[in-house]
Visitor: 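Quick one: the structure is below, questions incoming.
Just so it is clear, the model here is predicted, and its values are computed rather than measured.
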Amino acid sequence: MAPNSLNNARRSQIESLSNPLVKRMRLLREKRHRRAEGLFLAEGLRIATEAREAGILPLWLFLGPEGAAHPLAQALIDATLAGDGEVIDTTPAILSKLSGKDNPQAIVAIYAEPKTALADIDRGTAPIWLVAERLRDPGNLGTMLRTGDAVGAGGLILLDESTDPYAVEAVRASMGAIFTQALVQARWDEFLPWLRSGPGKLVATWLGDDTQDYQAVRYAAPTFILIGNESQGMPEAYAAAADVRVKMPMMGKADSLNAAVAAAVMAYEVLNQRRK
């Protein structure tokens, strides 16, 4: 069979909400089904294009009429077909069913979930790494990934029972950074021995007494920035294990910053010291 015939065989049309593939893919909005399938869902041409540019292609690409007509879509379609993925022309109603939104994006893509472990990380590839302990909010998680991408961080290490990074909300909030940043899920008792087995300083954002102003510390690469849980902060034992504990001045009545904001302030301080 000619290559074009093979490509055509992997491009199809689905218009029925009861289609078995549609039923299967819509379940990816639930964590247990994502884990069982090893798949996750991303919405929108921008995010799918970011993934393509990072060398990551969807296994299934669902396109509404608007999505298929967009000038950038053809490159994504060609890459998906060349990478043995399937392209499915479909309806806005099915895109809504997949995404769970009344006003869905014109493209929904299904990707294999990466399985990155601590042992897979080359800490020397980046001067900054973000570490979040029991991060609960998917919006914060996505924002931290975006921050990591912006400052040239290597990735985000999620500790203990953090929110699922492959939830639709987290993927959406990352604006494509989930494809450009390494993402690892680990326990604290796995992370700390791994960290101490190689170069790197652990910097904890901490409101206790034994802290320094975040701009008074000189940060050597690689710096691992540890951010605690949004409402409870981090356990005292975690802060005690850090090489240095820092805090940012709070000039108003609030006693702490949002977790993603604190990560961004710290990451840019480390970046700016390197730029100078």
Side-chain angles (χ1 to χ4, degrees), residues 118 121 123-160 162-163 165 170 173-175 177-178 180-186 188 191-192 194-196 198-252 254-276:
L118 288 169
I121 288 181
R123 66 183 80 197
T125 58
I128 302 170
W129 296 83
L130 300 180
V131 185
E133 189 266 331
R134 289 178 302 145
L135 195 67
R136 299 297 193 194
D137 184 81
N140 281 338
L141 194 157
T143 300
M144 288 176 74
L145 286 168
R146 290 178 68 184
T147 296
D149 181 85
V151 301
L156 172 62
I157 300 170
L158 294 171
L159 298 179
D160 302 333
S162 291
T163 190
S174 81
M175 296 298 290
I178 196 163
T180 65
Q181 294 283 287
L183 186 57
V184 177
Q185 300 177 75
W188 171 255
F191 167 72
L192 191 59
W194 171 84
L195 178 70
R196 297 309 181 200
K201 298 295 184 183
L202 184 61
V203 178
T205 54
W206 179 245
L207 294 175
D209 295 330
D210 181 20
T211 59
Q212 301 180 58
D213 185 281
Y214 78 112
Q215 290 185 320
V217 176
R218 299 300 93 185
Y219 301 104
T223 297
F224 290 81
I225 300 169
L226 176 60
I227 305 294
N229 173 267
E230 291 96 335
S231 61
Q232 300 172 344
M234 72 182 71
E236 188 171 350
Y238 291 24
D243 297 290
V244 62
R245 288 156 291 283
V246 299
K247 62 182 175 182
M248 287 149 272
M250 303 295 296
M251 311 305 289
D255 61 359
S256 64
L257 289 173
N258 167 273
V261 172
V265 171
M266 283 297 307
Y268 269 98
E269 176 61 24
V270 177
L271 174 63
N272 286 334
Q273 286 190 14
R274 294 183 59 78
R275 293 173 66 208
K276 293 174 184 176

Visitor: Measuring from atom OH of Tyr238 to atom CZ of Arg245, what distance do you get when rounded to the nearest 0.5 angstrom?
Guide: 15.5 Å

Visitor: Grab the two heavy atoms, one from Leu226 and one from Trp188, that are nearest each other, plus how far apart they are.
Guide: CD2-CZ3, 4.2 Å

Visitor: Can you measure from CG (Leu159) to CD (Gln185) and round to the nearest 0.5 angstrom?
Guide: 10.5 Å

Visitor: Less than 4.5 Å apart, side chain to side chain, heavy atoms only: is that true for Leu156 and Gln181?
Guide: no

Visitor: Between Pro199 and Pro222, what is the shortest heavy-atom contact and its length?
Guide: O-CG, 3.8 Å

Visitor: Does any non-hydrogen side-chain atom of Val270 lie less than 4.5 Å from one of Val151?
Guide: no

Visitor: Distance check, rounded to the nearest 0.5 Å: Met250 atom CE versus Leu257 atom CG?
Guide: 4.5 Å

Visitor: Evaluate Gln212 against Val244 for side chain to side chain contact (heavy atoms under 4.5 Å, CB included), listing each step before the verdict.
Guide: CA-CA 8 Å; Gln212 301 180 58; Val244 62; 3.4 Å; yes

Visitor: Would you mind reporting whether Asp160 and Asn229 have side-chain heavy atoms less than 4.5 Å apart?
Guide: no

Visitor: Give, for atom CG of Leu207 and atom OG1 of Thr205, the distance between the pair rounded to the nearest 0.5 Å.
Guide: 7.5 Å

Visitor: Among residues two or more places apart or on two chains, list those pairs meeting salt bridge (Lys or Arg N to Asp or Glu O under 4.0 Å) that have a residue in residues 213-239.
Guide: none

Visitor: Within a strict 4.5 Å, meaning less than it, do heavy atoms of the Arg146 and Asp149 side chains meet?
Guide: no

Visitor: Pro165 and Ile178: which non-hydrogen atoms are nearest, and at how many Å?
Guide: O-CD1, 3.3 Å

Visitor: Check whether any side-chain heavy atom of Glu269 sits under 4.5 Å from a side-chain heavy atom of Met248, and report yes or no.
Guide: no

Visitor: With a 4.5 Å heavy-atom cut-off, do Leu135 and Met144 have their side chains touching?
Guide: yes

Visitor: Minimum heavy-atom separation for Ala153 and Ala126, please, with both atom names.
Guide: C-CB, 3.8 Å

Visitor: Quick check: do Met266 and Tyr214 have side-chain heavy atoms less than 4.5 Å from each other?
Guide: yes

Visitor: Check Leu202 against Asp243 and note the closest heavy-atom contact, atom names and distance.
Guide: N-OD2, 2.7 Å

Visitor: Should Val184 and Trp129 be marked as a side chain to side chain contact (heavy atoms under 4.5 Å, CB included) after you check the CA-CA gap, both sets of side-chain angles, and the distance that decides it?
Guide: CA-CA 11 Å; Val184 177; Trp129 296 83; over 6 Å; no

Visitor: Evaluate the side-chain proximity of Leu130 to Ile227: yes if any heavy-atom separation is below 4.5 Å, no if none is.
Guide: no

Visitor: Can you give me the closest heavy-atom contact between Arg134 and Gly233, atom names plus distance?
Guide: NH2-O, 3.1 Å

Visitor: How far does CZ of Phe191 sit from CZ of Arg196, to the nearest 0.5 angstrom?
Guide: 8.0 Å

Visitor: Looking at Thr143, Leu141, Thr147, which hits side chain to side chain contact (heavy atoms under 4.5 Å, CB included) with Leu145?
Guide: Leu141

Visitor: Take Asp137 and Thr163 through the test side chain to side chain contact (heavy atoms under 4.5 Å, CB included) and record every step on the way to the result.
Guide: CA-CA 7 Å; Asp137 184 81; Thr163 190; over 6 Å; no

Visitor: Any chance you could measure Arg274, atom CZ, to Leu271, atom CG, to the nearest 0.5 Å?
Guide: 8.5 Å

Visitor: Please walk me through it: do Met234 and Trp206 pass side chain to side chain contact (heavy atoms under 4.5 Å, CB included)?
Guide: CA-CA 8 Å; Met234 72 182 71; Trp206 179 245; 4.0 Å; yes

Visitor: Give the ring-plane orientation class for Phe224 versus Trp194, where under 30° counts as parallel, over 60° as perpendicular and anything between as tilted.
Guide: perpendicular

